[in-house]
Amino acid sequence: MRKILLPFTILLLVAFDQLSKFLVVRSIALGEIVNVIPNLVSLTYLKNTGAAFSILENQQWFFAIISILVLGAASYYLIKFIQSDSVWLLAGLILIISGGLGNFIDRLRLGYVVDMVHLDFVDFAIFNAADTYLSLGVLLLIIALWREEKNGDSH
């Protein structure tokens with residue numbers, strides 16, 4: 001059952017990421033700001049040709065290679081540990097794969113990543129659902145590794 005649910009979960013997360021980007025591109029002009037919750041969250045359609053915080057702009061081949069390596073490694077570990085009891089590990093890998101795929105699809109299809117979520121209460125980069133998946137996935141992997149080390153488990 002788990003072998004079916006995990007890929008299905010990845011597909012749902014990638015679909016949500018791509019749908020949210022499609023709706024923003026369709027509904028908001030490039031650079032336009034739409035307040036969702038005043039002083040908390042707004043939507044701003046941006047084209048990001050770089051990585052996080054727009055670093056390494058216009059390095060699409062570099063990002064393609066890195067994406068393939070990260071997706072390959074995360075997929076390998078997901079398959080290797082698919083029967084693991086560690087929800088933290090599996091959830092982290094699922095989120096990393098989903099986020100990597102979401103942004104990789106944009107880079108292949110558009111040549112840039114669509115970003116849109118702006119946190120108005122803090123000076124932070126504008127991001128998308130895939131970026132959120134990646135960040136949470138890394139955090140969950142850190143927690144999984146910490147818990148494994150704390151419990152003396154090894155795979």
Side-chain angles (χ1 to χ4, degrees), residues 1-25 36-37 40-44 46 48-57 59-155:
M1 183 70 162
R2 192 177 281 193
K3 289 181 182 183
I4 294 170
L5 287 179
L6 296 183
F8 183 70
T9 303
I10 292 168
L11 287 175
L12 281 177
L13 290 169
V14 172
F16 176 78
D17 172 69
Q18 291 296 300
L19 178 62
S20 67
K21 292 171 180 175
F22 170 79
L23 292 173
V24 164
V25 169
V36 177
I37 303 173
L40 191 61
V41 177
S42 61
L43 295 178
T44 305
L46 293 180
N48 183 354
T49 59
F53 310 106
S54 296
I55 60 171
L56 299 171
E57 287 195 65
Q59 302 296 318
Q60 299 310 317
W61 286 107
F62 174 74
F63 294 126
I65 292 167
I66 295 298
S67 295
I68 290 167
L69 291 173
V70 168
L71 288 169
S75 297
Y76 168 79
Y77 283 106
L78 183 63
I79 292 165
K80 182 176 179 179
F81 295 114
I82 201 160
Q83 297 302 325
S84 171
D85 291 331
S86 176
V87 173
W88 300 97
L89 175 68
L90 295 176
L93 291 169
I94 286 169
L95 288 168
I96 288 171
I97 292 167
S98 300
L101 281 172
N103 284 340
F104 188 61
I105 290 168
D106 280 12
R107 290 187 196 286
L108 286 179
R109 193 171 62 87
L110 304 169
Y112 56 87
V113 173
V114 174
D115 285 335
M116 80 284 285
V117 180
H118 183 237
L119 302 176
D120 298 329
F121 61 91
V122 65
D123 186 19
F124 192 71
I126 296 171
F127 59 96
N128 59 44
D131 296 335
T132 303
Y133 302 160
L134 286 164
S135 299
L136 290 174
V138 169
L139 177 63
L140 292 178
L141 280 185
I142 290 168
I143 291 170
L145 292 172
W146 175 76
R147 289 173 55 91
E148 187 175 296
E149 184 177 307
K150 181 181 167 192
N151 294 333
D153 295 341
S154 64
H155 290 281

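Source: prediction; values computed, not measured.
- Within a 6.0 Å radius of CZ in F121, more than 12 heavy atoms belonging to other residues, nucleotides or ligands are found.
- The shortest side-chain heavy-atom distance between I96 and L134 falls under the 4.5 Å cut-off.
- Annotation: the span from H118 atom NE2 to L43 atom CG amounts to 11.0 Å, rounded to 0.5 Å.
- Remark: side-chain polar atoms of N103 are not paired, donor with acceptor, to backbone N or O of A130 under 3.5 angstrom.
- Atoms CG and CG, from L19 and L23 in turn, are 4.5 Å apart once rounded to the nearest 0.5 Å.
- Residues I97 and L101 form a side-chain contact, since some pair of their non-hydrogen atoms from C-beta on lies under 4.5 Å apart.
- Considering all non-hydrogen atoms of both residues, L13 and S98 come closest at CD1-OG, 3.4 Å.
- In this structure, F63 CZ and I68 CD1 are separated by 13.5 Å, a value rounded to the nearest 0.5 Å.
- A donor-acceptor pair under 3.5 Å is formed between the side chain of S20 and the backbone N or O of D17.
- In this pair, F127 and F124 present their aromatic rings perpendicular. The plane angle is above 60°, beyond the 30 to 60° band.
- From I143, atom CD1 reaches atom CG of L89 across 12.0 Å, with rounding to the nearest 0.5 Å.
- In this structure, Y77 contributes its side chain and L93 its backbone to no donor-acceptor pair below 3.5 Å.
- Distance check: Q18 CD to L11 CG gives 12.0 Å after rounding to the nearest 0.5 Å.
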How far apart are the C-alpha atoms of V117 and I126, what are their side-chain angles, what is the distance that settles it, and do they pass the side chain to side chain contact (heavy atoms under 4.5 Å, CB included) test? CA-CA 5 Å; V117 180; I126 296 171; 5.6 Å; no

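- Atom CD1 of I105 sits about 10.5 Å away from atom CG of L110, to the nearest 0.5 Å.
- Between K21 and V113 the shortest side-chain heavy-atom distance falls below 4.5 Å.
- Counting heavy-atom neighbours within 6.0 Å of Y112 OH, excluding the residue itself, gives a total above 12.
- Proximity of L145 to W88: side-chain heavy atoms (C-beta onward) are nowhere separated by under 4.5 Å.
- Under the side-chain hydrogen bond (donor to acceptor under 3.5 Å, both in side chains) test applied with N128, the options D115, D106, N48 reduce to a single match, D115.
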